[in-house]
Student: 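Submitted below is the structure of interest, expressed as structure tokens.
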Amino acid sequence: MTAPIEQSVDEIERLVEIAEHLRDGDFAVDIPAPKSADKRIHKLAASLRELAASLARWQREIETLHRITTRINAGLMLDEILEGVYNDFREVIPYERIGFALLEDGGKVLRARWARTSLPTVHLQRGYAAPMAGSSLETILKTGQPRIINDLVQYLRRKPESESTRLIVNEGIRSSLTCPLIANGVPVGFIFFSSAKTNTYTDEHVERYMQIAEQLSVIVEKGNLVSQLAAQKELLEKQNAELRRLSALKNNLLGMVAHDLRNPVAIIQMMTAILRNPQLQRPSEERQRMLDDIYRQTEHILAMLNDLLDLSQIESGTVTISPEPVAIKSLLEETVYRHQLLANPKQTRIELNIPTDGVVYADPLRLRQVLDNLISNAIKFSPPGSTITISVERDEQWWKFAVTDQGPGISPAERNRLFEAFSRLSARPTGGEKSTGLGLAIARKVVQAHGGIIDVSSTPGQGATFWFTLPALSQEGA
Ligand SMILES: Nc1ncnc2c1ncn2[C@@H]1O[C@H](COP(=O)(O)OP(=O)(O)OP(=O)(O)O)[C@@H](O)[C@H]1O
Ligand SMILES: [Mg+2]
């Protein structure tokens, strides 16, 4: 049997060994109960055991925090990062709700950027903004120290002017831990942990937060920058697409001026050259024919220039429409009468299928322009001897106007381009009429300006029905 003193020495040596294990980071070391009768040795062993347990817990916590921040850091956009925080932080801090607010406007305004809750109602919404000056949050940023409020109802009684507190209390939140986000010494915003129970937060939670405060702040700041860059990139891409569209429009315009205007101008120039040359005297009927031709050519040029001007004004938004009650029947009868004159040479019949009374709220000049184009298209692209039907029906708040023809129809492939400017598609005029490809582009803009829609339904080879909607009631009155 070993002497008590020797046994104590052995046990002390064993405890020293254990302390060395702890020093080297081995917190799982086994610490057996001493057999010695010496109380001091027992006390020493107990202290070592406690130390080992808290070191192990501390290490687990650090590892967890590190794992969380690594995982969160993998997110690129702010929303991804915040989602990661919401999912992972529960392991170290309790909450029913997490909110993020970021400073804007050089730190003057705080805006709620993101919130996620397991509670059924959300009152403090994304986008909510409040000035920083004079708010209690200012102190948190200045000191860099998180703040615990463990009874929000009571807090609100003392500070009834705190609107944001009222909002989260109404959501069912009872205690909160507000932590500053300070990246590289610069205040970025706040993260709010909130719980539906009172007295949820302790200094231990503050300590855990402080261990990763800097890292988290930098990650959030990075996400915020990346998100801002992405938004800017999207905006630039949109602007680029619009520029490309305008540039294509401009090229089309140049092409059209070259083709469509040069011809009539050349004809006019040639005829006037003949007419003004005293050596080329012509009989008076021939002179008259030439003058008529010149007149027709100028009419065509003028119509084309008017359309172009119209389109560019509508595009740039400088044209305003003035809707007023328009009687449908008389407008359509007058329009059809004008078109019937053009349709007669082709033996095209125009039939009207419209209500005897009915009022549409539209700009009468613009409405006439849309109808003129649809009816003239129907005449222009249909074979001679066909029938065109115009019908108008009411559907609750809208009137639906439709022009149906027996022409070639529209193929699905061409449908998308139909309403673009300068789109002359495979259907060509059947009676030598002019075609610039502007009419439907203008019609679409006009109908849209009234709040309506325009479209076509067609089975290729079996004609087409172009239709559009316009309001049946005054928009103010509605
Ligand atoms: N009813 C229709 N049936 C078949 N194709 C059509 C019909 N209406 C239009 N299209 C096709 O769509 C193209 C565009 O029509 P749009 O009215 O915009 O121009 P356009 O009639 O050629 O010229 P503009 O109207 O400027 O005088 C036409 O060139 C034609 O190819
Ligand atoms: Mg047309």
Side-chain angles (χ1 to χ4, degrees), residues 245 248-249 252-261 263-264 296-315 319 335-336 338-340 342-343 346 348-351 365-391 401-449 453-468:
R245 192 182 72 82
L249 202 68
N252 276 329
L253 173 68
L254 289 178
M256 196 218 61
V257 170
H259 273 90
D260 295 23
L261 288 179
N263 261 353
R296 260 200 311 281
Q297 298 296 345
T298 54
E299 228 177 8
H300 171 56
I301 293 173
L302 199 63
M304 205 182 327
L305 289 177
N306 278 337
D307 275 357
L308 273 178
L309 199 64
D310 217 26
L311 188 71
S312 77
Q313 279 177 342
I314 294 175
E315 283 257 348
V319 165
T335 309
V336 167
R338 277 186 290 119
H339 283 282
Q340 191 62 62
L342 298 170
K346 275 188 166 176
T348 300
R349 274 174 6 102
I350 307 180
E351 284 181 359
L365 291 178
R366 294 287 175 193
L367 171 55
R368 207 170 271 134
Q369 192 179 16
V370 175
L371 286 167
D372 279 350
N373 181 58
L374 295 188
I375 300 171
S376 72
N377 282 358
I379 301 170
K380 179 159 59 171
F381 300 111
S382 298
S386 54
T387 302
I388 293 163
T389 315
I390 299 168
S391 63
F401 293 74
V403 179
T404 302
D405 64 40
Q406 299 172 332
I410 310 289
S411 71
E414 291 193 327
R415 219 184 126 136
N416 288 340
R417 288 166 44 214
L418 204 54
F419 294 96
E420 283 171 13
F422 304 106
S423 57
R424 280 179 287 203
L425 306 177
S426 54
R428 302 306 305 148
T430 53
E433 295 98 330
K434 298 288 181 202
S435 156
T436 314
L438 286 177
L440 286 177
I442 295 173
R444 179 168 67 172
K445 298 272 180 197
V446 169
V447 171
Q448 284 173 348
I453 43 177
I454 183 167
D455 207 347
V456 64
S457 41
S458 168
T459 309
Q462 294 179 30
T465 296
F466 280 83
W467 59 266
F468 63 94

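The figures that follow rest on heavy atoms only: side chains count, while hydrogens, waters and symmetry mates do not. The first residue of the sequence shown is numbered 1, and numbering continues consecutively from there. As the structure lists them, so they are numbered: ligands from 1, and atoms in each ligand from 1.
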Student: Tell me the protein heavy atom at minimum distance from atom 17 (O) of ligand 1, and give that distance in Å.
Tutor: N377 ND2, 2.8 Å
Student: How close do P408 and F381 get, counting heavy atoms only, and between which atoms?
Tutor: CD-O, 3.0 Å
Student: Looking only at non-hydrogen atoms, which of R444, H300, K380, R415 approaches atom 27 (O) of ligand 1 most closely?
Tutor: K380
Student: I would like to know whether D455 and R415 meet side chain to side chain contact (heavy atoms under 4.5 Å, CB included); could you show each step before the answer?
Tutor: CA-CA 9 Å; D455 207 347; R415 219 184 126 136; 3.1 Å; yes
Student: Of the protein's non-hydrogen atoms, which lies at the shortest distance from atom 14 (C) of ligand 1, and what is that distance?
Tutor: S423 O, 3.0 Å
Student: Just do the side chain to side chain contact (heavy atoms under 4.5 Å, CB included) check on N373 and F466 with the steps written out, would you?
Tutor: CA-CA 11 Å; N373 181 58; F466 280 83; over 6 Å; no
Student: Starting from the C-alpha separation in whole Å, work towards a yes-or-no answer on side chain to side chain contact (heavy atoms under 4.5 Å, CB included) for W467 and I453.
Tutor: CA-CA 8 Å; W467 59 266; I453 43 177; 4.0 Å; yes
Student: Looking only at non-hydrogen atoms, find the nearest pair between T465 and A402 and report the distance.
Tutor: CG2-CB, 3.9 Å
Student: Output, in order, the C-alpha distance, side-chain angles, deciding distance and verdict of salt bridge (charged side-chain N to carboxylate O under 4.0 Å, His left out) for D310 and R366.
Tutor: CA-CA 11 Å; D310 217 26; R366 294 287 175 193; 3.1 Å; yes
Student: May I ask you to identify the nearest protein heavy atom to atom 22 (O) of ligand 1, giving residue, atom name and distance to one decimal place in Å?
Tutor: S435 OG, 2.6 Å
Student: On a heavy-atom basis, which atom in R417 and which in L425 lie closest, and how many Å separate them?
Tutor: NH2-CD2, 3.4 Å
Student: Would you name the heavy atoms of I454 and V447 that are closest together and state the gap between them?
Tutor: N-CG1, 4.1 Å
Student: Any idea which protein heavy atom is nearest atom 12 (O) of ligand 1, and the distance to it?
Tutor: L418 CD1, 3.4 Å
Student: Nearest non-hydrogen atom to atom 26 (O) of ligand 1 belongs to which of L438, N373, V403, D307?
Tutor: L438
Student: Which heavy atom of the protein is the closest neighbour of atom 31 (O) of ligand 1, given with residue, atom name and distance?
Tutor: A427 O, 2.9 Å
Student: Tell me, which protein residue and heavy-atom name are nearest atom 18 (O) of ligand 1, and how many Å apart are they?
Tutor: L440 N, 2.8 Å
Student: Once you restrict to heavy atoms under 4.0 Å, what part of L374 touches ligand 1? Side chain, backbone, both or neither.
Tutor: neither
Student: Evaluate side chain to side chain contact (heavy atoms under 4.5 Å, CB included) for L308 paired with F422, printing each intermediate quantity in order.
Tutor: CA-CA 10 Å; L308 273 178; F422 304 106; 3.7 Å; yes
Student: Below 4.5 Å, heavy atoms only, C-beta onward: do F401 and L374 meet side chain to side chain?
Tutor: no
Student: Heavy-atom distances under 4.0 Å are what count here, so tell me which part of F419 touches ligand 1: side chain, backbone, both or neither.
Tutor: neither
Student: What residue and atom, counting heavy atoms only, is the protein's closest point to atom 20 (P) of ligand 1, and at what distance?
Tutor: G437 N, 3.5 Å
Student: Could you tell me which atoms of ligand 1, counted from 1 in the order shown, lie closer than 4.0 angstrom to a heavy atom of I410?
Tutor: 4 (C), 5 (N), 6 (C)
Student: Any Lys/Arg nitrogen of R338 or D372 sitting under 4.0 Å from an Asp/Glu carboxylate oxygen of the other?
Tutor: yes
Student: Work out which heavy atom in V446 is nearest to a heavy atom in Q369; give both atom names and the distance.
Tutor: CG2-OE1, 4.1 Å
Student: Just heavy atoms, cut-off under 4.0 Å: does E414 contact ligand 1 by side chain, backbone, both, or neither?
Tutor: neither
Student: Return the closest protein heavy atom for atom 30 (C) of ligand 1 as residue, atom name and distance.
Tutor: F381 CZ, 3.4 Å
Student: Side chains of residues 432-444: which donor-acceptor partners sit under 3.5 Å, not counting sequence neighbours?
Tutor:
unit_1, atom_1, unit_2, atom_2, d
E433, OE1, G431, N, 2.9
E433, OE2, K346, NZ, 3.0
R444, NH2, F419, O, 3.4

Student: Using a strict cut-off of 4.0 Å, indicate which atoms of ligand 1 neighbour a heavy atom of D405.
Tutor: 1 (N), 2 (C), 3 (N)
Student: Give the minimum heavy-atom separation between P460 and S411, together with the two atoms involved.
Tutor: CG-CA, 3.9 Å
Student: Below the 2.8 Å mark, what number of protein N, O or S atoms do you get around the Mg ion (ligand 2)?
Tutor: 2
Student: Check ligand 1 against G409 and write out every atom of the ligand that is under 4.0 Å from a heavy-atom position of the residue.
Tutor: 4 (C)
